Protein chains: 2
Amino acid sequence: MQGWEDVRAEVLRRIRARDWPPGALIPGEEALATEFGVARATVNRALTALAEAGVVERKKRAGTRVSELPVRRARLEIPVIRLDVLSRGLAYGFKLLADRMVPAPVPVAARLGLPEHAPMRYLETLHLAGGRPFVLETRWLNPAVLVGEQPDFSAVSANEWLVTHVSLVSGDIAFTAEAAAAREAEVMGVASGTPLLVAERTTYGTSGPVTLVRLAHAPGHRVQMTF
Amino acid sequence: MQGWEDVRAEVLRRIRARDWPPGALIPGEEALATEFGVARATVNRALTALAEAGVVERKKRAGTRVSELPVRRARLEIPVIRLDVLSRGLAYGFKLLADRMVPAPVPVAARLGLPEHAPMRYLETLHLAGGRPFVLETRWLNPAVLVGEQPDFSAVSANEWLVTHVSLVSGDIAFTAEAAAAREAEVMGVASGTPLLVAERTTYGTSGPVTLVRLAHAPGHRVQMTF
DNA sequence: ATGGCTAATATGTCTAGACATAATTTGAGT
DNA sequence: ACTCAAATTATGTCTAGACATATTAGCCAT
């Protein structure tokens with residue numbers, strides 16, 4: 001009954017109960033430690049966790065205060081597509097539609113910070129769930145990450161190969177709604193102009209940009225997050 | 001040169017460099033503490049941070065191993081719409097289009113776990129950025145959270161009032177791409193059928209469900225996350 | 001008033017040692 | 001072989017005390 005999680009729970013309860021309303025300064029670590037009968041380090045652990053969650057804001061000398069506009073953070077766990085499909089209870093499969101070297105188009109090179117028209121590997125993969133189109137993956141891959149390796153992207157999808165073979169350091173992901181272009185519509189078996197949820201990801205590794213991928217999801221797809 | 005962040009950085013470097021490949025067991029805290037010349041608690045802090053980030057997995061007695069399929073987690077910071085607009089350098093405004101009590105439709109009641117046809121407050125708000133439609137907010141609000149309060153949703157948007165006046169405990173958010181329905185198209189000034197990025201949020205407070213809100217974003221809207 | 005120095009203070013982090021807890025390994029005993 | 005209990009061991013957490021660092025508040029001189 002005196003672990004840091006108990007301290008966190010009690011502080012959180014008081015904030016939720018508005019004993020300490022938004023913007024208020026809460027007692028210092030020393031005071032809370034005395035009140036709860038624990039060491040200051042334990043209170044520190046609890047408050048640090050609440051700060052990471054965005055519930056309080058902490059500044060040296062200024063103390064700890066309850067966030068005014070608690071930024072709600074949702075965590076998205078980006079799954080490997082195969083596992084995503086399997087977790088929905090559907091059979092997974094994929095078809096490699098294209099695999100060729102192409103000079104990078106200007107917008108692609110710009111996004112990844114590569115020289116214009118640098119040679120890149122262009123891959124098109126259609127992921128299937130229960131035999132039906134699930135996601136159309138359009139990928140630009142920096143061939144520099146493949147030095148010495150000859151992955152067979154028709155046996156293991158590029159999506160999965162990269163996760164296990166390349167250390168990804170950072171990146172970003174953006175969601176948009178777009179009308180299915182003619183080719184997309186045909187490949188995915190939907191009417192042209194159908195709204196598709198599109199995810200665009202860029203990822204960087206230890207030694208530079210790795211890939212830019214566009215995932216066009218089948219109609220009705222939901223990207224779900226909890227907070 | 002001997003803080004926990006340095007330890008984290010060095011361990012991360014070795015993982016990235018594949019000194020410790022995916023699946024491998026890394027040395028125990030004691031061993032690392034000795035090697036780096038710090039206390040075990042410092043190594044523990046570093047490894048705990050890496051575990052939270054999903055880079056390693058830790059189990060008592062079994063030790064710490066490098067994650068096989070490092071789940072990439074992206075964090076979405078859900079902004080108050082007004083601040084989102086302002087951060088884009090545009091003037092913010094909103095229009096309250098509807099505000100009435102309506103018996104909850106079955107799907108709404110079901111999602112929030114309320115009895116069917118329970119009376120709910122239905123709100124429609126059009127958020128404007130630089131005078132142009134930005135988001136159409138369609139909200140079902142549990143009137144139980146308003147006991148004793150009489151917020152004027154034409155003065156402060158429901159979006160913002162809730163964040164500051166109700167303690168939100170948990171919730172979920174889902175993104176989909178949908179074709180603009182006739183009414184949506186008219187209100188937002190786009191052609192009917194235009195793909196819109198739709199966010200659907202349900203939120204729960206300390207004393208039950210709070211609200212279900214649907215945010216239909218203007219064409220071209222991007223929801224951006226970093227990881 | 002204004003600018004800048006100084007002291008006070010709350011959080012940030014580290015250490016060394018201790019006990020708690022969970023999971024694996026080992027060793028009986030059947 | 002098999003089962004169950006005990007010993008082992010790596011991580012999880014706590015304590016008490018210390019020093020580091022950022023930031024504020026107060027003071028003094030201009």
Side-chain angles (χ1 to χ4, degrees), chain A residues 1-15 19-71 73 75, chain B residues 1-15 19-71 73 75:
Chain A
M1 255 298 209
Q2 46 190 344
W4 68 271
E5 292 186 285
D6 297 295
V7 174
R8 180 184 58 180
E10 174 58 14
V11 170
L12 189 56
R13 191 194 64 72
R14 292 186 189 176
I15 290 172
D19 291 349
W20 297 327
L25 203 61
I26 77 175
E29 298 187 348
E30 201 82 56
L32 290 174
T34 305
E35 188 200 329
F36 293 126
V38 299
R40 189 171 76 87
T42 304
V43 173
N44 183 282
R45 181 94 164 80
L47 294 183
T48 300
L50 286 173
E52 269 170 25
V55 177
V56 298
E57 284 159 19
R58 320 191 72 199
K59 275 204 308 212
K60 288 182 190 177
R61 159 80 221 212
T64 302
R65 54 181 66 243
V66 182
S67 299
E68 289 274 5
L69 287 181
V71 181
R73 295 197 182 91
R75 265 217 320 235
Chain B
M1 254 304 209
Q2 46 190 347
W4 67 270
E5 292 187 282
D6 297 298
V7 174
R8 179 184 58 180
E10 175 58 15
V11 170
L12 189 56
R13 191 195 64 72
R14 291 186 190 175
I15 290 172
D19 291 349
W20 297 327
L25 203 60
I26 76 175
E29 299 187 347
E30 203 82 59
L32 290 174
T34 305
E35 187 199 331
F36 293 128
V38 298
R40 188 172 76 88
T42 304
V43 173
N44 182 281
R45 181 96 165 81
L47 294 183
T48 299
L50 286 172
E52 270 170 25
V55 177
V56 299
E57 283 159 22
R58 319 192 72 199
K59 273 204 308 214
K60 289 179 188 178
R61 161 79 221 212
T64 302
R65 53 182 66 244
V66 181
S67 300
E68 290 274 3
L69 285 182
V71 183
R73 295 196 184 93
R75 268 215 321 241

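Just so it is clear: chains get the letters A, B, ... in the order the sequence lines come, proteins before strands, and each one is counted from 1. Because the structure is predicted, anything quoted here is derived from the model rather than measured.
- Distances shorter than 4.0 Å separate some side-chain N or O of Arg58(A) from OP1 or OP2 on dG12(C).
- Taking for each of Arg61(A) and Thr42(A) the nucleotide of DNA chain D with the nearest heavy atom, the 5'-most of the two is the partner of Thr42(A).
- Residues Glu29(A) and Arg58(A) form a side-chain contact, since some pair of their non-hydrogen atoms from C-beta on lies under 4.5 Å apart.
- Following rounding to the nearest Å, Phe36(A) (CZ) and dT15(D) (P) show an atom-to-atom distance of 13 Å.
- For the pair Lys59(A) and Glu5(A), nearest-nucleotide mapping onto DNA chain D gives the more 5' position to Glu5(A).
- Computed from coordinates, the Glu29(A) CD to dT13(C) P distance equals 11 Å when rounded to whole Å.
- Here Asn44(B) reaches the OP1 or OP2 of dG12(D): one of its side-chain N or O atoms lies under 4.0 Å away.
- One can place NZ of Lys60(A) at 17 Å from P of dC19(D), the figure rounded to the nearest angstrom.
- Rounded to a whole Å, the CD atom of Glu52(A) is 13 Å from the C1' atom of dG12(C).
- Atom-to-atom, CH2 of Trp4(B) to P of dT15(C) comes out at 14 Å; the value is rounded to the nearest Å.
- Nucleotide dT15(D) holds its P atom 16 Å from the CZ atom of Arg40(B), rounded to whole Å.
- Between Thr64(A) and Leu50(A) there is no side-chain heavy-atom pair separated by less than 4.5 Å.
- Val7(B) has its side chain out of reach of Leu32(B): every pair of non-hydrogen atoms, C-beta onward, lies at least 4.5 Å apart.
- Across the protein-nucleic acid pair, Leu47(B) atom CG and dT13(D) atom C1' stand 15 Å apart, rounded to whole Å.
- Side-chain N/O atoms of Thr64(A) include one lying less than 4.0 angstrom from OP1 or OP2 on dT11(C).
- Regarding Arg45(B), its CZ atom lies at a distance of 17 Å from the P atom of dT11(D), rounded to whole Å.
- Looking at Val38(B) and Asp6(B), their side chains never come closer than 4.5 Å, going by heavy atoms from C-beta outward.
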